[in-house]
Each structure stands twice: as C-alpha cells, then as structure tokens.
2 protein chains.
Amino acid sequence: MTQDATTGRMGRPARTSRDEILRAARIVIDRDGWQKLTIRALGKELGVGAATIYHHVRDREDLLIQLLVEHAGRSIDVSLPEEPEARILAAAVAIRDTLAALPWATEVLATDGFLARLGGRAVQMVEAIVATAIAAGASQEDAVALFRNIWYLTVGEIQVRARTDSRPEARDARASRFADLDAEATPALASIGEQWVAWAAHDTYADGVASIIAGTLRRSG
Amino acid sequence: MTQDATTGRMGRPARTSRDEILRAARIVIDRDGWQKLTIRALGKELGVGAATIYHHVRDREDLLIQLLVEHAGRSIDVSLPEEPEARILAAAVAIRDTLAALPWATEVLATDGFLARLGGRAVQMVEAIVATAIAAGASQEDAVALFRNIWYLTVGEIQVRARTDSRPEARDARASRFADLDAEATPALASIGEQWVAWAAHDTYADGVASIIAGTLRRSG
DNA sequence: ACCTGAACACCGTTCAAGT
DNA sequence: ACCTGAACACCGTTCAAGT
C-alpha cells in the first residue's frame, strides 16, 4: 500500500498502481479533455502498454467510476438546512453541482444504482433525501419515487447541458430553427422565437426539483 | 424522386437512395439491435461500400436523427385533453412513450434543440406544452422553463431506463449493494433495503411531470 | 453524379509469452 | 506478480480514382 513506485525498493516493484493510474488519468483529462482519456492514451501517459492498465482496472467504465468515487465521495458539501423541502433541495443541488463539474461523469451517469456505486458522501445525499421525505410524512415507496424523479431530472439536466456546451455550433443552428417556425402551426413557439435560446441558458434546475418535492410531499402528507 | 433503383431505367441509376438507406437501417436495427447499426454494417446490408453512405447522410448522427424524424414525426398520438394540467401531462407522456420505444434515440437525445429537429408532431407536442402553460397564466419564460424541466426529466428517465434494461447483470449487483448498506450511516436506505430494486421498476414518470406542472403553474398563476 | 478501394487515425480488450 | 507486443475485431470518416 505504502510502496512507492519511484523508489521501487521491493523485489519486483510495481511500475503502476491504481493510484498512479488515477493520477495519470486526471492529468490527461485536465490537459487534453476527458474525451481523450482512452485506455491507450492512459498507457502512453504512464509509459506502459495499454494491456497493463487491465491489471489494475476491470475496464474503461470501471476506471471512470473509480475516478468519480475519488472525487465525488469527498467533494460533496454536506451541510444541509433543517426545513424538509429546503433540505431535500440542497441535497439534490449538491449532487448536481458535483457531477456537473465532472464532465466525464456523463458517460457513466445513466445507471440506476450509480450514486450507490460512488459511495461516501454521495450516498449520504441520497439518504438525506429519502430520510427527510419519510420524516415529512411520505411512505418509503413515495420517498424512493421522489428520489428517482429528482435523479432523472438531474441526469437529464447534466446530460443536455454537457452536450449543448460541448458543441457551440449547435447554438446557432438552434436559433435559426426557431426563426423558421410556422406561426400558423406553432403560434406560441413562433412568438417566443429566438428568446428561447437565451432563456434556455438560465438555470431552472432548482425550480424543477422544488416542484417535484412539493408535489410528492403534498400527495403524501 | 420517384426513380426506382430496382429498375434503374435512368442513364446512371443511383444504387442507393436516402429512403433505401433508412429502410436498410431499420432492417439492421430490427434484426441485430441498434448497437450494431454502424455505417459499415449499413453499407454491407446495402451491398455498397461504407463511403457510399456519406453521399446520402452527413454523418452517423444525421442518420440517427433522420431515422427518428421518420418515426417520431408520424407516430406521436396527438389527441390531447382540454384541462391544462392533464393536457401538458399527456403531451409529455406522448413524447416519452414515443422516444422510449426507439432505443437508438438515447444516443442523440441529449441535445437542447432535439425535438425541434424532429419536426412534425414532436414540435406540436412542444407547442402544446408551452401554449397551454401560457394560456393557464404562465409567462413565456416560465413556460419555457416548464418545458425544459419536463424535457430534462424525460431525457433522464429514458436514458436511465435504457441503460438499466440493457444490462440485467447490473440488477443483481444493485440488489447486493443495498444489502450491504450501513444501518448506522444510512438508516433510511438500510431499512428500505432490497425493496428499492422492486420499487425502481415502477413507472413514476407521470407523477414527476405532474409535480413539475403543478409547481410551475402554482408559482405563475 | 455516383460509387469504389484503400487509407487514416483511431478504439477496447485479450492473450501467449517474457521477466 | 507484473508487464509486454501483437493481435483480434472493430470504429467513423476522407479522398483520389474510377465509371
């Protein structure tokens, strides 16, 4: 565990370790962007063959998850307010903000047990959402449903924003599409016109989550 | 346009057309699954070189979008109830059901202007959501925010469900993860335990959308 | 105009062989 | 144990050349 590959003082020093792989992966991501993080590029960065990576991570997805565990498990802010709706909202926003800052997360995000795999504080946020909903009068099943709807909104928001941000050309194409709208068939959209693009840049995530929380708690209690 | 490649009666008959490409693409998807739909496989199916495909579609994404336009533009059910909240909900469910039935949609779904690109009835569903919200008292900006939050929930739900369904191994792994939960750190999750997996199979999409609608309209009017 | 083979520049993953 | 080169089985896309 404490073996240092740079000194290599054991009989058969490991030239690579899980920690070194994750460190190299972060270097590649920071320097070249996460899309460039391939097993082969990672091997090159470490000065080892691509095949070597497979002695330390199961596959590419495992690598990405491990990277996320390191980051998300630690960096989520855990101070949550007491009032139930505000508390659930704050937990959701913490999850969203953390994952949105890790753009390579989008690739592995869309799995139902994803946050459980991250462990650490990510799971504590899920616990906060579910436990608070139950304390506020929701059934266990409704609390799970609440979490899942929040999770769907979160995945969608992160995914759409990541895609939109990473291809600015689409922005102009989108604007012109709104200008072409037929005022007969789609009057509301036509009258909104190009304002859509500007409004779409606003962050409405918290509003969406707040609505889902209020809707669920109203039905339950 | 009406030229038939099988008779080839023009001087230089086209061996392939946009329609033939889309037809072949559907055959590959139905027979081998949408993951197998590559430009190369499509060329093989048509008996032409992969390079030929590029004379008729711009790239792989364009192919997928065109496939979706054909399908989603037509098959969305357009009979919507009159009552505002029910109307918006029905439009959202129509979009979700249509896209969820087209699993290859997940690959191109996460773009902000996506439904506009689909055109046809897909845009009419967006119009229905936005126009109904405005008629019910929402500002144009709130109506756009409402649509976007519904859209995020939709993208997330489709994406997560598609991923979960396509890898049943994850199901068992998930169940065992819940069994391992620490009753001290996460009492609510621990007491739910393996029931989570069963509850996660329930469709809570409509509840989520209904909450978002109610929340937005309550704030506005 | 339409189509071709060949090439470019990659992927993730496996595996027999070496040290 | 750990690491290697080489191979397997692919990708999307471009382009000079043919008909």
Side-chain angles (χ1 to χ4, degrees), chain A residues 1-22 24-25 28-29 32-67 104 106-108 163 166-167 169, chain B residues 1-22 24-25 28-29 32-67 104 106-108 163 166-167 169:
Chain A
M1 288 302 186
T2 57
Q3 174 193 356
D4 189 344
T6 60
T7 69
R9 80 165 75 98
M10 324 266 280
R12 269 188 238 88
R15 315 233 308 214
T16 322
S17 67
R18 201 198 70 110
D19 283 350
E20 248 183 304
I21 286 175
L22 294 183
V28 173
I29 288 172
D32 307 322
W34 69 268
Q35 295 92 338
K36 299 281 185 187
L37 180 68
T38 63
I39 299 290
R40 288 171 122 100
L42 187 53
K44 192 167 279 179
E45 178 68 27
L46 283 161
V48 301
T52 302
I53 308 292
Y54 287 91
H55 286 277
H56 301 92
V57 301
R58 200 173 53 254
D59 52 26
R60 194 179 127 81
E61 180 175 316
D62 184 50
L63 171 69
L64 256 13
I65 295 269
Q66 289 204 45
L67 224 38
W104 72 91
T106 51
E107 244 186 282
V108 286
R163 271 257 204 176
S166 72
R167 31 170 77 197
E169 14 87 39
Chain B
M1 291 299 185
T2 56
Q3 174 193 354
D4 187 343
T6 60
T7 69
R9 80 167 73 96
M10 327 263 282
R12 270 189 237 86
R15 317 231 307 214
T16 321
S17 66
R18 203 197 68 110
D19 283 349
E20 247 183 304
I21 286 175
L22 295 182
V28 172
I29 287 171
D32 307 322
W34 69 268
Q35 294 92 339
K36 299 281 185 186
L37 179 68
T38 62
I39 300 290
R40 289 172 124 101
L42 186 53
K44 192 167 277 179
E45 178 68 29
L46 283 161
V48 302
T52 303
I53 309 291
Y54 287 91
H55 286 276
H56 300 92
V57 300
R58 198 172 55 253
D59 52 26
R60 194 180 128 80
E61 181 174 316
D62 184 50
L63 171 69
L64 256 14
I65 294 269
Q66 289 204 45
L67 223 39
W104 72 91
T106 51
E107 242 185 285
V108 286
R163 271 257 203 174
S166 72
R167 33 171 74 198
E169 14 86 39

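Residue numbers start from 1 in every chain, and the chains themselves are labelled A, B, ... in the order their sequence lines are given, proteins ahead of strands. Small disclaimer: the values here were computed from a predicted structure and weren't measured.
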For this session: With a 3.5 angstrom cut-off on both distances, give the Watson-Crick or G-U wobble partner of D:dC2, or none if there isn't one.
Result: C:dG18

Exercise. When the distance from CD1 of B:I21 to P of C:dC2 is rounded to whole Å, what number comes out?
Worked result: 11 Å

Exercise. Can you find a side chain N or O atom of A:T52 that sits less than 4.0 Å from OP1 or OP2 on D:dC2?
Worked result: no

For this session: Please report, rounded to the nearest Å, how far the C1' atom of C:dG12 is from the CD atom of A:E107.
Result: 12 Å

Problem set entry | Gap separating the CD1 atom of B:I21 from the CD atom of B:E45, nearest 0.5 angstrom | 12.0 Å

For this session: Check whether any side-chain heavy atom of B:W104 sits under 4.5 Å from a side-chain heavy atom of B:I29, and report yes or no.
Result: yes

Exercise. Looking at A:L42, A:L63, A:L64, which one forms a side-chain contact (heavy atoms from CB on, under 4.5 Å) with A:V57?
Worked result: A:L63

Problem set entry | First encountered from the 5' end of DNA chain C, between A:A50 and B:G49 | B:G49

For this session: Name the pairing partner of C:dG12, where a pair is Watson-Crick or G-U wobble with both distances under 3.5 Å, or state none.
Result: D:dC8

Exercise. Atom OG1 in A:T38, atom CD1 in A:I53: separation rounded to 0.5 Å?
Worked result: 9.5 Å

Problem set entry | Phosphate OP1/OP2 of D:dC3: any A:H56 side-chain N/O under 4.0 Å | yes

For this session: Using atom NE2 of A:H55 as one end and atom P of D:dG5 as the other, report the distance to the nearest whole Å.
Result: 13 Å

Problem set entry | Rounded distance (Å) that lies between atom P of D:dT13 and atom CG of B:D62 | 10 Å

For this session: For residues B:V28 and B:K36, report the shortest heavy-atom separation together with the two atoms involved.
Result: CG1-O, 4.0 Å

For this session: Provide the distance between the two C1' atoms, one in D:dC11 and one in C:dC8, to the nearest whole Å.
Result: 12 Å

For this session: Using atom CD1 of A:I53 as one end and atom P of C:dT14 as the other, report the distance to the nearest whole Å.
Result: 14 Å

For this session: For residues A:A50 and A:I39, report the shortest heavy-atom separation together with the two atoms involved.
Result: O-CG2, 3.8 Å

Exercise. For atom C1', what is the distance between D:dA9 and C:dC10, given to the nearest Å?
Worked result: 14 Å

Exercise. Can you tell me how far P of C:dG12 sits from CG of A:L63, to the nearest Å?
Worked result: 10 Å

Problem set entry | Among B:H56, B:R58, B:R18, the one residue meeting side-chain hydrogen bond (donor to acceptor under 3.5 Å, both in side chains) with B:Q66 | B:R18

Seminar exercise, completed: Atom OH of B:Y54 and atom P of D:dC15 are separated, to the nearest Å, by 13 Å

Exercise. Expressed in whole Å, how much space separates the C1' atoms belonging to C:dA17 and D:dC2?
Worked result: 13 Å

Between the protein and nucleotides 6-11 of chain D, are there any N/O to N/O pairs under 3.5 Å, and if so, what are the atom names and distances?
{"unit_1": "D:dC11", "atom_1": "OP1", "unit_2": "B:T38", "atom_2": "OG1", "d": "3.4"}

